[in-house]
Amino acid sequence: MGVDFTLNGKPRSFAGDPRTSLLHALRDDFRLTGAKDVCGEGFCGACIIYVDGEPKTSCLLPVGALQGTEITTIEGIGNVDTLNPVQQAFIDFDVVQCGMCFPGMVMTLTHYLKDNPRPSRAEVKAALTGNICRCTGYERIIDAVMSLHNSASGEVRT
Amino acid sequence: MEQRFKYPPSVEDAVSALGDSAVLFAGGTWVMRAPLRDEDCEKTFISLAKIPELHLVSVNDAGVKIGALVTHHALAAISDVPEMTALVQAAGRSANPAIRRMATVGGNICAKDFAAADLVPALLALGAEVEVQSFEGAASLTLEDYLQTRSTRPSTEILTSIHIPRHSGRSAHARGLLRQAGEYPVANVSVYLEPDQNGAINAARIAVGSVESTPKRWHALEAAVSGQPFGRLSISDLAQSLTQEFTPRDGVDAPATYRLRILPRLVAQAFADAMGQLERSA
Ligand code: FES
Ligand code: FES
């Protein structure tokens, strides 16, 4: 018997060892390599995905705990033609360097901005506590996020 | 699936499923890192997720009851128990947002090799009791007693809930970090303070985590401050004079001496916070 869940809107089943981390299942079995395998300890946030809409670190989630859930990865929140607003802002502000941390950053920030559409810089930094970037100085990332609600209309771009 | 990942429907069933080849699974943030600690990874996961009462928080006049599976995220959102601020702060500042959605209070207490827990000192300062269940049935004991016996408790016992008696004082939690956030505290301190009518300390509970391998109450400092007028307390000097109560641990994050060095500052910070709350509530 496998574990059944929805992955980026499609029904999927996993028949391997249920103690396997979702991160490894995503990358090795489902060929979704957007979530990155970095620290494996819950510190860096490069592996963040949503379970039922909530950002979690997939490196610490065994697939066996996910029966019946809805999983969304970075591959499922936008597409090549229509980027998610956070992704678009990251491009506009030329934020990305090596890119290792960015899938996780986009997942964290997209969720955060839904509930907090007009955050301060300090709040954005607090929201990014669990997303570590080894390349950038973070400030440009924050600039990009601030642009989303400092836009002419004062609204979050959707 | 049934073999290596079990979902017992009740605490009794979970107790029967336990044993040397099984490990309890709550939030997963400790268990999933067993390979990194070179521990046995072939154990069957016994998940508690399908036991409804373990997810509940209930508040009444007698106290606050917290199920073992309540997450840090859920604890951080409790806003109607003013004396419990230390726990709310500890829950809301520990680790990072994604981990706080996963890590549970039961796991924080039961991960016996985890020295840097944030919730445990807060619960100690709040005088918490824990309820455990084993083949012998349910029993309750103080968290302080639980921690003292933690390393030798039977592997077939489950910590099911935490009980915090209601109090009239105020509490606060302070964490010493090398960066601003997102890592384990080098040391942490929770205090609970209750004034008497004359503006002196009627009761104080002070707990320290991450300095030794297990969080503990700082009874000598509690005794030293009790009866003292709030206004004339030089708390960091007092704390400084009593740091010999600890045998600090060395770690890759910080040497033992550093943990002790920042302790008086953290105590002062937590005191100032709790005293501020008392003033505002007066
Ligand atoms: S790989 Fe999961 S948090 Fe770093
Ligand atoms: S851009 Fe390289 S880790 Fe963030």
Side-chain angles (χ1 to χ4, degrees), chain A residues 1-4 13-24 35 39-69 104-105 107-109 111-112 115-116 122-133 138, chain B residues 1-7 21-37 39-50 69 71-74 76-77 92-104 107 111 114 116 175 177 179-184 252-253:
Chain A
M1 192 182 106
V3 183
D4 303 313
S13 191
F14 180 80
D17 188 327
R19 299 166 302 182
T20 308
S21 75
L22 173 62
L23 177 63
H24 287 146
C39 70
E41 293 207 69
F43 282 112
C44 75
C47 68
I48 286 180
I49 48 80
Y50 301 157
V51 178
D52 295 330
E54 296 291 313
K56 298 193 169 168
T57 53
S58 61
C59 62
L60 300 180
L61 273 177
V63 181
L66 298 169
Q67 172 68 35
T69 58
M105 295 258 179
M107 297 305 274
T108 296
L109 289 167
H111 175 268
Y112 180 75
D115 297 333
N116 308 275
E123 286 166 342
V124 175
K125 287 183 184 174
L128 283 177
T129 302
N131 292 86
I132 294 175
C133 177
Y138 296 97
Chain B
M1 167 91 178
E2 297 91 46
Q3 287 314 307
R4 285 169 289 185
F5 207 109
K6 295 186 184 166
Y7 277 108
S21 59
V23 62
L24 272 181
F25 185 89
T29 55
W30 185 255
V31 170
M32 288 297 280
R33 288 183 291 162
L36 299 166
R37 296 188 297 269
E39 289 173 10
D40 176 6
C41 304
E42 274 316 304
K43 296 188 175 182
T44 298
F45 286 1
I46 310 296
S47 169
L48 300 176
K50 297 253 162 83
L69 283 201
T71 61
H72 287 58
H73 180 79
R93 293 176 192 167
S94 72
N96 60 55
I99 295 299
R100 295 199 288 267
R101 286 187 197 97
M102 301 162 71
T104 66
F114 181 40
R175 316 171 76 216
L177 302 175
R179 296 184 300 149
Q180 273 207 354
E183 61 182 12
Y184 294 140
V252 281
D253 56 338

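Everything numeric here is computed off the predicted structure, so don't read it as measured data. Chain A is the first sequence line, chain B the second, and so forth, proteins listed ahead of strands; every chain is numbered from 1.
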task: Under 4.5 Å heavy-atom distance to chain A, tell me which part of Ala181(B) shows up: side chain, backbone, both or neither.
output: both

task: Specify the closest pair of heavy atoms between Met32(B) and Leu60(A), including all atoms of both residues, with the distance to one decimal.
output: CG-O, 3.1 Å

message: Let's test your reading of the structure: which of Ile99(B), Val31(B), Asn96(B) forms the most heavy-atom pairs below 4.5 Å with chain A?
response: Asn96(B)

- prompt: Has the side chain of Arg33(B) got a donor or acceptor atom that lies under 3.5 Å from a matching backbone atom of Gly42(A)?
  reply: no

message: In the structure I gave you, are the side-chain heavy atoms of Thr29(B) and Thr57(A) within less than 4.5 Å of one another anywhere?
response: no

message: Taking side chain as everything from C-beta outward and backbone as N, CA, C, O, which of these in Lys43(B) sits under 4.5 Å from a heavy atom of chain A? Side chain, backbone, both or neither.
response: backbone

- prompt: Which bit of Arg179(B) is near chain A, if near means a heavy-atom gap under 4.5 Å: side chain, backbone, both or neither?
  reply: side chain

task: May I ask you to list the residues in residues 124-131 of chain A that approach chain B closer than 4.5 angstrom, counting heavy atoms only, ordered by number?
output: Ala126(A), Ala127(A), Thr129(A), Gly130(A)

task: Report yes if the side chains of Phe25(B) and Pro62(A) come closer than 4.5 Å at any heavy-atom pair, otherwise no.
output: yes

field: Sorted by number, residues from residues 43-54 of chain A in contact with chain B (heavy atoms, under 4.5 Å)
entry: Phe43(A), Ile48(A), Glu54(A)

statement: Residues Ala98(B) and Lys56(A): closest non-hydrogen pair is CB-CA, 4.1 Å

- prompt: CZ/Phe5(B) to CG/Asp17(A) distance, rounded to the nearest 0.5 angstrom?
  reply: 10.0 Å

field: Test: Glu42(B) and Arg19(A) ion pair at under 4.0 Å
entry: yes

task: Identify which part of Ala95(B) has an atom lying under 4.5 Å from any heavy atom of chain A, answering side chain, backbone, both or neither.
output: backbone

